[in-house]
Number of protein chains: 2
Amino acid sequence: MTDATDRDRPAPLDPDMFHPLCPSSAMPFRVGDKWSGMVIRCLQDGPRRFGELRVPLKAVTPKVLSETLRAMERDGLVTRTAYDENPPRVEYTLTSLGRTLIPLLDAARAWSETHLPALLAARGAAGSLD
Amino acid sequence: MTDATDRDRPAPLDPDMFHPLCPSSAMPFRVGDKWSGMVIRCLQDGPRRFGELRVPLKAVTPKVLSETLRAMERDGLVTRTAYDENPPRVEYTLTSLGRTLIPLLDAARAWSETHLPALLAARGAAGSLD
DNA sequence: ACCCCCGGTTACCGCAACGGAACCGGCGCT
DNA sequence: AGCGCCGGTTCCGTTGCGGTAACCGGGGGT
């Protein structure tokens, strides 16, 4: 197709971008709700559709995803744009405020890459004998 | 008194360091559990006793505080040192791993100072009319 | 005998987050 | 007529974090 709606469309999301072994879950930080940080990651390269977000976030149910997006919209982190087409199309975009969180996520990721193994080792050691 | 136990003791904690209007509560981040970030702030200048932590964290009950400290100890973020004295004395100290979280807390605080008003404004606007 | 000190523990409970499964509406295709 | 697509919503159940209130142990003071 490659029509107008495909312009400005970022590359497809990697279905495994939140692999089960990804630190996102064990990491001792959270941005907003459980999924908000991952949503920001999904949106950082451009607008995404609801169903598109469900690909990498396969563990999230539509209910929780829509709750998360609604909360983020209320907080001015994303904008929701509904196109009156058929089948319906809705796009979510990071606002400039939402974009300001990306460096924080980067910092959190950097911390995890450096220090999370030590934390998990400590946790494992405590769990096994103490 | 100023005896040996007072050596290396940091200045007393400010009872209002977590003022109700402090962004810590509205901030869209969390480090670990609800109180972990504040505990790290309390410990960043040196070891603190259990009762000492309860001064600025006056909203936390002893149960939750001890749970928090225990979890942080399991994760290798703090060390607990009990002195066999009377009345009992226990000191909590940040480990070097725990100290690595301080820059992250600084980044979160900087974000809040810059952007939290915008987030709260968006939230307020959404709540009032939508 | 009583109470205070400190640093907790125990039992109980409420609420919000999270999750599963099913359903919906409008249009187009077959 | 029936099915599928998309972007949700609704109902219901579970989990677990966090909070409340009460209690504990052991020495020392009065």
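Both backbone and side-chain heavy atoms feed into the values below; hydrogens, waters and symmetry mates do not. A note on names: the letters A, B, ... follow the listed sequences, proteins ahead of strands, and every chain is numbered from 1. Since this is a predicted model, take the numbers as computed values, not measurements.
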Task: Upstream residue (5' side of DNA chain D) when A:R49 and A:K63 are each assigned their closest nucleotide - done: A:R49
- [ ] May I ask you to say what B:Y92 touches in the nucleic acid, namely base, sugar-phosphate or nothing, with a heavy-atom cut-off under 4.0 Å?
- [x] sugar-phosphate
Open item on the list: Between A:L119 and A:W111, is there a side-chain heavy-atom distance shorter than 4.5 Å?
Closed with: yes
Task: Criterion side chain to side chain donor-acceptor pair (under 3.5 Å) against B:E52, the qualifying member of B:R48, B:R54, B:R49 - done: B:R48
TODO: Report the residues that fulfil side chain to side chain contact (heavy atoms under 4.5 Å, CB included) with B:T81, sequence neighbours left out, ordered by chain and then residue number.
DONE: B:Y83
TODO: Could you pull out the closest heavy-atom pair between B:C42 and B:P56, with the gap in Å?
DONE: SG-CG, 3.7 Å
TODO: Could you give me the CA-CA distance, side-chain angles and deciding distance for A:K58 and A:D16, then say whether salt bridge (Lys or Arg N to Asp or Glu O under 4.0 Å) is met?
DONE: CA-CA 9 Å; A:K58 35 188 179 305; A:D16 287 331; 3.7 Å; yes
Open item on the list: Between A:R30 and B:D33 (salt bridge meaning N to carboxylate O under 4.0 Å), is one present in this structure?
Closed with: no
Task: Interface limits on DNA chain C, where chain B has a heavy atom under 4.0 Å of a nucleotide atom - done: C:dC6 to C:dA11
Task: Closest-nucleotide ordering on DNA chain D, the 5'-leading residue of B:V64 and A:G51 - done: A:G51
- [ ] Name the first nucleotide and the last nucleotide along DNA chain D (5' to 3') that come under 4.0 Å of a heavy atom in chain B.
- [x] D:dG18 to D:dG27
Open item on the list: For a 4.5 angstrom cut-off between non-hydrogen side-chain atoms, does A:L104 reach A:V31?
Closed with: no
Open item on the list: Using a 4.0 Å heavy-atom cut-off, does A:R54 contact any base of the nucleic acid, only the sugar-phosphate backbone, or nothing at all?
Closed with: nothing
Task: Sugar-phosphate only, base, or nothing, as touched by A:K34 at under 4.0 Å among non-hydrogen atoms - done: sugar-phosphate
Task: A:R109 side, atom CZ; A:I102 side, atom CD1 - distance, nearest 0.5 Å - done: 10.0 Å
